[in-house]
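This report refers to the structure that appears directly beneath it.
Please read all numbers here as calculations on a predicted model, not as lab measurements.
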Amino acid sequence: KGKVDWAAGVLGIEHLLQRRPGRLSGGESQRVALARALVRDPEMFIFDEPLSALDAQVRHTARAELRDLQKRTQVTCLYVTHDQVEAMGLGDRVAVMKDGQLRQLGAPRELYFEPEDDFVASFIGNPPMNLLARGDALIGIRAEHFRLLQDGDEPDAGEHRFRVHLDQLEFLGSEWLGYGRVADAGGEEEAGGEEDAGRKRARGDGHVGGRFGPDRGREGAPGSAYD
């Protein structure tokens, strides 16, 4: 009983101990299942899509609870998910896999800023990294690294200018997301030459997405071209 009370206290479910399973909500059932595992003194938790059945609001809360649980118990967790937000938010190290092959293993920041190949680059991040084929090179640009140039502005040292035809704007409160096509993309292109191990030949179709502050998004309109 001491272990049960401890596990219930860790997960804040003391008030659920006398409740029947059929009267538990999805989030409550999740916490009860975790408590049942805790009382066994596990050396590792293995989670297989544990939050997939929860609605968005409960999933956000449950994700924070799982992270807090790991910090308090110091039990290693192996967490399997298709949700990159869960992987990046919960993991100290993240393994990205495709078709049974490990594409990259590293800290979340490493996967985001230093992807090993085009699959990882296009999978991690929302929106994903923009991939533009230029000759024999494949250029990767994160949405937040775009900036709008005013008439007469010149790129800073080390910056590259792209003329973009803006197709769509999304207002998300704290920011705008802009989607468009690089004007000089010349249609669909293919990166030439074989890449290093772990890379695949990638296609760059000239479509890009950019992220801007709430004040900058008002400067653009779909159907217009911008630098």
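Residues M44 and L78 have side chains in contact (heavy-atom distance under 4.5 Å, counting atoms from C-beta outward). Inter-residue side-chain proximity for I141 and I139 is flagged as met; some heavy-atom pair is nearer than 4.5 Å. Residues P115 and I124 form no side-chain contact, since every pair of their non-hydrogen atoms from C-beta on lies 4.5 Å or further apart.
Partners of R67 by side-chain contact (heavy atoms from CB on, under 4.5 Å), not counting sequence neighbours, listed by chain and number: K71, L90, D92. With sequence neighbours left out, D83 forms a side-chain contact (heavy atoms from CB on, under 4.5 Å) with R59, T81, V85, E86.
Transitive grouping of hydrophobic side chains (ILVMFWY, heavy atoms separated by less than 4.5 Å) keeps V94 and V80 in distinct clusters.
The two atoms that bring A35 and I13 nearest to each other are CB-CD1, 3.7 Å, heavy atoms only. Of all heavy-atom pairs between G178 and L169, the closest is CA-CD2, 3.8 Å.
Atom CZ of R109 has 12 or fewer neighbouring heavy atoms from other residues, nucleotides or ligands inside a 6.0 Å radius. In this structure, H15 places its NE2 atom where more than 12 heavy-atom neighbours from other residues, nucleotides or ligands lie under 6.0 Å away. In the displayed structure, Q18 atom CD is contacted under 6.0 Å by at most 12 heavy atoms of other residues, nucleotides or ligands.
Stacking of R103 on the aromatic ring of F123 is not recorded, the 6.0 Å distance cut-off and the 45° axial limit not both being met.
The closest side-chain donor-acceptor pair between R63 and H60 falls under 3.5 angstrom.
Summarising the geometry, atom CZ belonging to F47 is positioned 5.0 Å from atom CG belonging to L66; distances are rounded to the nearest 0.5 Å. In this structure, the separation between CH2 on W176 and CD on E170 is 10.5 Å, given to the nearest 0.5 Å.
Judged by distance alone, with hydrogens and angles left aside, the side-chain atoms of D117 form a donor-acceptor pair with the main-chain N or O of F119 at under 3.5 Å.
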